[in-house]
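Here is the structure we will look at, set down as structure tokens.
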Amino acid sequence: MNTSPEVLAIGAQAPDFSLPATDGRTYSLADFDAPVFVYVQSCNHCPFVHAYLDRLKALATEFGPRGVQFAMVNSNDAESYPDDDFGSMQTFAEERGLPFPYLHDESQQIAQVYRAVRTPEVLVFDEARTLRYHGRIDDNAKEPESVTVTDLRAALEALVTGGDIAEPETYAVGCTVKWKPGNEPVVN
């Protein structure tokens with residue numbers, strides 16, 4: 001019996017969105033016009049997000065000049081998890097010096113259409129905004145010095161050099177998105 005929600009299939013098109021960001025702007029998919037777009041499902045309070053944040057920032061800084069744009073999206077229910085409200089997101093982004101937009105999905109509709117259920121969970125789209133990689137950042141959330149497989153880095157390297165992604169789907173380890181009652185994804 002499958003107890004996980006259905007993920008967005010490799011080859012699917014990136015759904016559009018219009019979300020406010022901590023920098024005061026509202027972003028849509030069209031605002032990310034680099035050849036590669038990385039959607040990161042995230043939040044403020046998850047210990048896995050905290051563990052991975054420096055690695056995400058480093059990848060964004062390294063791959064930005066090579067045609068990769070990142071966006072981090074917080075869809076958590078701020079009523080039940082006040083640490084994830086928009087004001088806290090602004091503080092989080094400023095204190096941690098995020099080098100990419102941090103978007104607020106208050107309605108949770110974007111997490112639902114991207115079918116992202118963990119924090120952090122990444123979806124990587126090519127220039128045609130076709131999903132090419134979905135899953136984890138690497139194989140060791142808590143001990144960066146013990147990482148042996150750098151899944152996200154490998155996917156980005158393949159895309160910017162015109163290669164194939166060896167493993168397009170991996171399992172993201174992290175906290176679950178904190179859904180508002182009735183918004184939980186359907187489990188197959």
Side-chain angles (χ1 to χ4, degrees), residues 4-5 7-8 10 14 21-23 27 32 34-76 78 81 83-85 88-105 110-111 114-126 131-178:
S4 297
V7 298
L8 197 61
I10 298 298
T22 57
D23 64 7
Y27 288 84
F32 299 93
V36 177
F37 171 60
V38 181
Y39 174 105
V40 182
Q41 190 68 48
S42 193
C43 70
N44 297 342
H45 81 274
C46 172
F48 291 93
V49 169
H50 289 244
Y52 271 124
L53 195 58
D54 285 342
R55 284 175 266 179
L56 281 171
K57 289 168 44 178
L59 286 168
T61 301
E62 176 186 346
F63 281 93
R66 298 176 70 191
V68 177
Q69 286 177 301
F70 281 66
M72 200 160 82
V73 180
N74 178 4
S75 303
N76 277 1
Y81 294 85
D83 288 348
D84 284 325
D85 70 12
S88 299
M89 287 176 60
Q90 291 171 311
T91 301
F92 183 92
E94 184 177 325
E95 287 178 351
R96 288 167 177 81
L98 298 183
F100 38 71
Y102 190 18
L103 312 177
H104 188 214
D105 176 24
I110 302 310
Y114 275 79
R115 299 185 188 161
V117 297
R118 302 225 176 269
T119 58
E121 181 173 352
V122 296
L123 293 94
V124 180
F125 298 88
D126 64 17
L131 182 61
R132 300 286 304 278
Y133 174 78
H134 178 216
R136 67 187 185 183
I137 296 160
D138 60 41
D139 69 345
N140 200 319
K142 299 205 174 184
E143 297 174 3
E145 66 281 354
S146 299
V147 169
T148 60
V149 181
T150 56
D151 305 280
L152 178 56
R153 173 183 296 283
L156 295 176
E157 189 64 41
L159 287 176
V160 300
T161 60
D164 291 327
I165 297 172
E167 184 139 4
E169 291 184 279
T170 59
Y171 183 79
V173 175
C175 299
T176 58
V177 170
K178 306 309 180 204

With ring-ring contact (aromatic ring centres under 6.0 Å, His included) as the test, would you mind laying out the steps for Phe92 and Tyr102 before giving the verdict? CA-CA 9 Å; Phe92 183 92; Tyr102 190 18; 5.7 Å; yes

With no hydrogens and no angle check, is any side-chain donor or acceptor of Asn74 less than 3.5 Å from a backbone partner on Asn76? yes

What one should report as the nearest heavy-atom pair of Pro99 and Ala60 is CG-CB, 4.2 Å

Which heavy atom in Ile10 sits nearest to a heavy atom in Glu169, and how many Å separate them? CG1-CG, 3.5 Å

Which value, rounded to the nearest 0.5 Å, describes the distance between Asp54 atom CG and Arg96 atom CZ? 9.5 Å

Over all heavy atoms of both residues, which pair between Phe37 and Ala71 is shortest? Give the atoms and the distance, please. CE1-CB, 3.8 Å

Just by modelled atom types, is the Gln90 backbone N or O under 3.5 Å from a matching donor or acceptor in the Glu94 side chain? no

Is a donor from one side chain sitting under 3.5 angstrom from an acceptor on the other, for Asn44 and Tyr81? no

Tell me, do Asp126 and Pro35 make a side-chain contact under 4.5 Å, heavy atoms counted? no

According to side chain to side chain donor-acceptor pair (under 3.5 Å), who are the partners of Tyr114, at least two apart in sequence or on a separate chain? none

Roughly how far, to the nearest 0.5 Å, is the NE2 atom of His45 from the OG atom of Ser88? 11.5 Å

Testing Thr61, Leu98, Leu156, Val122 one by one against Phe70 for a side-chain contact (heavy atoms from CB on, under 4.5 Å), which residue passes? Leu156

Starting from the C-alpha separation in whole Å, work towards a yes-or-no answer on side chain to side chain contact (heavy atoms under 4.5 Å, CB included) for Val36 and Phe125. CA-CA 6 Å; Val36 177; Phe125 298 88; over 6 Å; no

Determine, step by step, whether Thr148 and Asp139 satisfy the side chain to side chain donor-acceptor pair (under 3.5 Å) criterion, reporting the C-alpha distance in whole Å, the side-chain angles of both residues, the deciding distance to 0.1 Å, and the verdict. CA-CA 7 Å; Thr148 60; Asp139 69 345; 2.4 Å; yes

Looking at residues at least two apart in the chain, or sitting in another chain, which of them share a ring-ring contact (aromatic ring centres under 6.0 Å, His included) with Tyr27? Phe32

Return the set of residues passing side chain to side chain donor-acceptor pair (under 3.5 Å) with Ser75 (not counting sequence neighbours), or none when no residue passes. Gln41, Asp105

Any side-chain heavy atom of Thr176 within less than 4.5 Å of one from Val117? no

For Ala34 and Gln69, work out which heavy atoms get closest and say how close. N-OE1, 2.8 Å

Determine, stepwise, if the pair Leu131 / Val124 fulfils side chain to side chain contact (heavy atoms under 4.5 Å, CB included). CA-CA 6 Å; Leu131 182 61; Val124 180; 5.6 Å; no

Does Phe63 have any ring-ring contact (aromatic ring centres under 6.0 Å, His included) partners at least two apart in sequence or in another chain, and if so, which? none

Check whether Asp164 reaches the backbone of Ala166 with its side chain - one donor and one acceptor, N or O, closer than 3.5 Å. no

Looking only at non-hydrogen atoms, find the nearest pair between Leu123 and His134 and report the distance. CG-CD2, 3.4 Å

About how many Å separate OH of Tyr171 and CD of Glu121, when rounded to the nearest 0.5 Å? 9.0 Å

Got a sec, which residues hit side chain to side chain donor-acceptor pair (under 3.5 Å) with Thr170, two or more places apart in sequence or on another chain? Tyr133

Measure the OG1-NE2 distance between Thr22 and His104 for me, rounded to the nearest 0.5 Å. 11.0 Å

Would you indicate whether the side-chain heavy atoms of Met72 and Leu53 approach each other to under 4.5 Å? yes

Inter-residue atom distance Cys43.SG - His50.NE2, 0.5 Å rounding: 7.0 Å

Scan residues 150-160 for pairs that pass salt bridge (charged side-chain N to carboxylate O under 4.0 Å, His left out), counting only residues two or more places apart or in two chains. Glu62-Arg153, Arg66-Glu157, Arg136-Asp151

Might you work through the side chain to side chain contact (heavy atoms under 4.5 Å, CB included) test for Ile165 and Leu159, ending with a clear yes or no? CA-CA 7 Å; Ile165 297 172; Leu159 287 176; 4.0 Å; yes

So, for Asp85 and Ala78, which heavy atoms are closest and what is the spacing to 0.1 Å? CA-CB, 3.6 Å

Contact check, side chains of Arg118 and Val177, non-hydrogen atoms, under 4.5 Å: no

Looking at side-chain heavy atoms only, is the closest gap between Asp138 and Val149 below 4.5 Å? no

Does Lys178 form a salt bridge (charged side-chain N to carboxylate O under 4.0 Å, His left out) with Asp84? I'd like the steps, not just the answer. CA-CA 10 Å; Lys178 306 309 180 204; Asp84 284 325; over 6 Å; no

Against the six-membered ring of Tyr52, is Lys57 placed for a cation-pi contact (under 6.0 Å from the centre, within 45° of the normal)? no

